[in-house]
Amino acid sequence: MGRLSRIAAIVVLASAVLYVPVRRWTAGGVCESQARMDGKTVIITGANTGIGKVTARDMAQRGARVILACRSLEKAEEAAKEIRSQTGNKNVVVHKLDLASLTSVRQFAKVINDAEPRLDVLINNAGVMVCPRWETEDGFEMQFGVNHLGHFLLTNLLLDLLKKTAPSRVVTLSSLAHSFTSGIDFDDINYEKDYDRRESYHRSKLANVLFSRELARRLEGTGVKSNSLHPGVIYSELYRHQEDFVREIVGTQVANMIIERFFRMMGKTLEEGAQTTICCAVSEEWQNTTGLYFSDCVPKEPSAAGMDDEAAARLWDVSERMVGLKS
Ligand SMILES: *[C@@H]1O[C@H](CO)[C@@H](O)[C@H](O)[C@H]1NC(C)=O
């Protein structure tokens, strides 16, 4: 047998044996809440695709006014059209938001603050993953800049509206990947030296956990709740992390494709991947819960670095300076 067919045989065999137990494990929790969202407003970043779009559809189904905050207005409008026709909810709108531009974040927040009388749920969903060392418009390393700093500024600029609407919720998507790093490197937060795209992704996801936690602390008594979460192992995420590694050991396109199928099959569907976000956004069960990290629709302990309150406070301070909220 050639190398390729051996790999194919192993993958097929492994799929057959592992499919049921692995899928049962990856499928995870389901949001059982029947809560309606009529009269409530929800903003979702990166809502034109993936679990963001599934989440937006769910919110629309529950009767919410849903604002899709996306970089591409064209793609967002397409998603909005689809959601309107699937749910019968006409109250689905799109606004331009490029998290890689502080100017765009400020413009978006102004549009919302000027026009929207309330904001019940802000879902910080958009994310960039393991990209090369790109920079945002403002010169921030892309993953830290978009995943953390863009959402940091956005949330801060919408806080008054969230407080006015309280009880309200901020839901920040992190990832299990936050636990693959030992901490934020405050000496090289913008990754000027030795850029490692995986490590940078892990740190940006850790920043999401720390931000959400510090936000909860700062919002004590305001009625605004803040939680972060791991959406689950979704094939795209799992696979993108392994891609280079797989290429190195396997080499060929075909084998690569077979292994991609394997990851696709074993990971969560988008529908399953949106459940924890939906839970944190709507469920009555968690309406008073704040400062926690969720996985499979229940609170779970983050990594030790994710519970470092000193680092969380320091990150907040550094972030405020970076986005120009404080000089
Ligand atoms: C949340 O707090 C409110 C007000 O104190 C209370 O009425 C409600 O039962 C609480 N909900 C849960 C799920 O603990």
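Every value quoted in this text rests on a predicted model; they were computed, and no experiment measured them. Just follow the structure's listing: the first ligand is 1, and inside any ligand the first atom is 1.
- Looking at E285 against ligand 1, only its backbone comes within 4.0 Å, counting heavy atoms.
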For T49 and K75: C-alpha separation, side-chain torsions, deciding distance, then whether side-chain contact (heavy atoms from CB on, under 4.5 Å) applies. CA-CA 8 Å; T49 180; K75 286 183 190 161; over 6 Å; no

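- Looking at atom 9 (O) of ligand 1, its nearest protein heavy atom turns out to be Q287 NE2, 4.4 Å.
- Around atom CZ of R71, no more than 12 heavy atoms belonging to other residues, nucleotides or ligands sit under 6.0 Å away.
- E284 O, 3.5 Å is the protein heavy atom nearest to atom 13 (C) of ligand 1.
- The presence of a protein heavy atom under 4.0 Å from atom 4 (C) of ligand 1 is ruled out.
- At most 12 heavy atoms of other shown residues, nucleotides or ligands fall within 6.0 angstrom of atom CD in Q34.
- Taking the six-membered ring for Trp and thresholds of 30 and 60 degrees, Y191 and Y195 have ring planes more than 60 degrees apart, a perpendicular arrangement.
- The closest side-chain donor-acceptor pair between S33 and E284 falls under 3.5 angstrom.
- Regarding atom 12 (C) of ligand 1, its nearest protein heavy-atom neighbour is N288 ND2, 3.2 Å.
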